[in-house]
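Below, all heavy atoms of this structure are taken into account, side chains as well, without hydrogens, waters or symmetry copies.
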Amino acid sequence: MDIFPRPGKEAPERRVVKPVPIAGDNPAQPEVSKPTRFRFAKSFPVSWKKRLIVIGGGLVLAVGLFFGTKLVLAAKRIIAHNNGGGAPALAGNIDPTKLRGEGDGRINILLLGIGGQGWDGPYLSDTIMVLSIDPRTKDVAMLSIPRDLYVKIPGYGWSKINAADAYGESKKAGDGPNLTKQVVQQVLGIPIHYYVRVDFSGFKKAVDSVGGVDINVDKALYDPEYPGGTVNIKAGYQHMNGDTALKYARSRKTTSDFDRAARQQKLLLALRTKALSVKTLSNPAKIASLIDALGSSVRTDLQLSEMKKLAEIAQSINGNQVTNQVLDTTPNGLLVFGDIPGAGSIEIPRAGIGNYTEIQQLAHTIFADSYIKQENATVEVQNGTTQSGLATSVGNLLKSYNYNVISMVTADRQTYATTVIYDYTGGSKPYTINYLENRFGVRSTRANRGPSDPDIRIIVGASYQPPR
């Protein structure tokens, strides 16, 4: 197209494009922009059922956050580091090589009761008890140790066992239970995986927080010398609040330490039953009160995840099938009263000061390791030294741990320098073999089985040292 026409040609017609008016436009007046108008879709009413679900979900979340926060804050106050690493049995399926010794297949918890602030000797242990649980069989046993048992406390010499917690606290705050664990392990000959220490105030609050406990008092208790007033509790079924329960647990002037220990075990089982009841678990106020009581008065080296697993196990335990034992000075008891200048009223093993052989046999019996019992490996013990009676003493020791020892004889020669363990099972008894390897400090040797061979043969050598 020519923009500038050449001579002799007409310029092309110029076309003008006119704007097309839009309906409502006013050509004489420019359009002013108006704000955009939004039209909402018609709303549909929310049903009451849906509203209740939303509200209920919000309440559940709020309550969960509330108790979760309280639990975390309480946990920070009460949970301490576990120096021993805890119980392998809480891990579920156990690798045999992870078990350190007989009894490690159970969960053993040391329970300590102290006066706490405001009481004379606030860290002296008024209650010393071991609670043991087999998570596989749900077998439960409790053994109470009198506070006046005369023992050797590492780093402090001979003293009453109730002083161990106080000695540990005097060295470093929080070390009292760990030192007591060491002493109790030495006395009972079993691993102590955890401790729980509670003071009198916390015990009272715990009982009150669950609405009290119901106890069958088999013998009336009257103690006019109890600190703060006379104790008078009648025989028969009694509902006890925290104050009465503490008096029932502590009074001993008109009875004994041993009767008191039995009452403490009864109270502990009653508190466990009430705390795990539906009535308690469905009551938020009681749960909050219990958490507060624990947070202010309890110290433990159980971790939160371990507490959860223990709670699950505890719900499946029948409280009527719990084994209860007390170390005492009765005619058939394993203790006698001692008379050592400056030591005051004490109890010692009837086998002699520091000789815990009989006590450990009792502990191994009631705290039986189910892995040993389940495998039930036949064991023969042979004496490979010139020391007379060694096979018998070692065999009887193993029997006390529930090993199936079928014979104790003299070896083919008496010149074995070290102990030898022969495994004729082809590795089918791994827990028993692992325990024996740890006990004797040697590795086992697999051997072909003959017609007269047991599952396991132990030839005790001259390097063997009996446990102390």
Side-chain angles (χ1 to χ4, degrees), residues 67-68 70-71 74-75 78-79 82 86-94 103-113 127 129-144 177 190-198 202-203 205-216 242 245 249 262-284 286-295 297-325 366-370:
F67 287 119
K70 288 182 74 70
L71 184 60
I78 71 175
I79 295 178
N82 192 323
L90 271 180
N93 294 325
I94 305 176
D104 224 16
R106 300 179 67 98
I107 305 165
N108 302 323
I109 306 171
L110 175 64
L111 306 177
L112 298 174
T127 300
M129 187 188 309
V130 174
L131 170 67
S132 181
I133 305 169
D134 189 322
R136 297 174 67 249
T137 64
K138 303 300 185 293
D139 166 62
V140 179
M142 291 191 294
L143 177 62
S144 292
I190 62 172
I192 301 297
H193 302 112
Y194 306 102
Y195 71 80
V196 177
R197 187 182 70 184
V198 60
F203 177 77
K205 289 178 182 177
V207 172
D208 286 334
S209 68
V210 297
V213 293
D214 299 308
I215 299 293
N216 182 14
R263 295 196 302 269
Q264 290 169 352
Q265 292 184 1
K266 187 179 293 187
L267 278 167
L268 182 65
L269 289 174
L271 181 58
R272 170 254 174 201
T273 299
K274 197 65 177 291
L276 293 177
S277 68
V278 174
K279 190 174 182 180
T280 297
L281 296 177
S282 62
N283 189 323
K286 287 186 178 181
I287 296 175
S289 180
L290 184 59
I291 292 174
D292 286 338
L294 295 175
S297 304
V298 174
R299 187 169 183 84
T300 181
D301 55 0
L302 274 159
Q303 307 305 303
L304 278 176
S305 60
E306 294 169 326
M307 293 181 194
K308 181 177 181 296
K309 292 178 182 178
L310 269 180
E312 293 171 353
I313 294 172
Q315 291 181 3
S316 61
I317 291 173
N318 186 346
N320 296 323
Q321 296 179 350
V322 176
T323 300
N324 302 288
Q325 292 282 348
I366 65 173
F367 301 146
D369 193 302
S370 63

(request) For the pair Leu90 and Ile313, evaluate side-chain contact (heavy atoms from CB on, under 4.5 Å) and give the outcome as yes or no after the intermediate values. (result) CA-CA 10 Å; Leu90 271 180; Ile313 294 172; 4.0 Å; yes

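- Of all heavy-atom pairs between Ala89 and Gly105, the closest is CB-O, 3.4 Å.
- Summarising the geometry of Glu306 relative to Gly86, their closest heavy-atom pair is OE2-CA, 4.4 Å, with the distance given to 0.1 Å.
- When the side chain to side chain donor-acceptor pair (under 3.5 Å) test is applied to Ser144, the partners found at least two apart in sequence or on another chain are Gln265.
- In terms of the salt bridge (Lys or Arg N to Asp or Glu O under 4.0 Å) criterion, residue partners of Arg197 (sequence neighbours excluded) are, by chain and number, Asp165, Glu169.
- Side-chain atoms of Asn108 never come within 3.5 Å of backbone atoms of Ile192 as a donor-acceptor pair (strictly under, hydrogens ignored).
- Considering only residues two or more places apart in sequence or on other chains, Asp134 meets the salt bridge (Lys or Arg N to Asp or Glu O under 4.0 Å) condition with none of them.
- Closest heavy-atom contact between Leu110 and Pro177: CD2-O, 4.4 Å.
- Between the Tyr194 side chain and the Ala87 main chain, a donor and an acceptor come within less than 3.5 Å of each other.
- Distance check: Ile215 CD1 to Arg263 CZ gives 11.0 Å after rounding to the nearest 0.5 Å.
- Judged purely by distance below 3.5 Å, without hydrogens or angles, the side chains of Asn82 and His193 never pair a donor atom with an acceptor atom.
- Atom OG1 of Thr137 sits about 9.5 Å away from atom CD1 of Ile317, to the nearest 0.5 Å.
- When side chains are defined from C-beta on, Ile107 counts as touching Pro135, because their heavy atoms get closer than 4.5 Å.
- Closest approach of Ala249 to Leu267, counting heavy atoms only: CB-CD1, 3.5 Å.
- With Arg272 contributing its side chain and Ala314 its backbone, the two residues share a donor-acceptor pair below 3.5 Å.
- Here Asp139 pairs with Arg106 under the side chain to side chain donor-acceptor pair (under 3.5 Å) rule; sequence neighbours left out.
- Nearest approach of Phe203 to Val198, heavy atoms of both residues: N-CG2, 3.8 Å.
- The distance from atom CG of Leu269 to atom CG of Leu131, rounded to the nearest 0.5 Å, is 8.5 Å.
- Leu268 is linked by a side chain to side chain contact (heavy atoms under 4.5 Å, CB included) to Leu111, Met129, Met142, counting only residues two or more places apart in sequence or in another chain.
- Here Lys138 pairs with nothing under the salt bridge (Lys or Arg N to Asp or Glu O under 4.0 Å) rule; sequence neighbours left out.
- Rounding to the nearest 0.5 Å gives a distance of 8.0 Å between OG of Ser132 and CD1 of Ile366.
- No donor-acceptor pair closer than 3.5 Å links the side chain of Thr300 to the backbone N or O of Ile79.
- Taking both residues in full, the closest heavy atoms of Ala275 and Val210 are given as CA-CG1, 4.1 Å, listed atom of the first, atom of the second, then distance.
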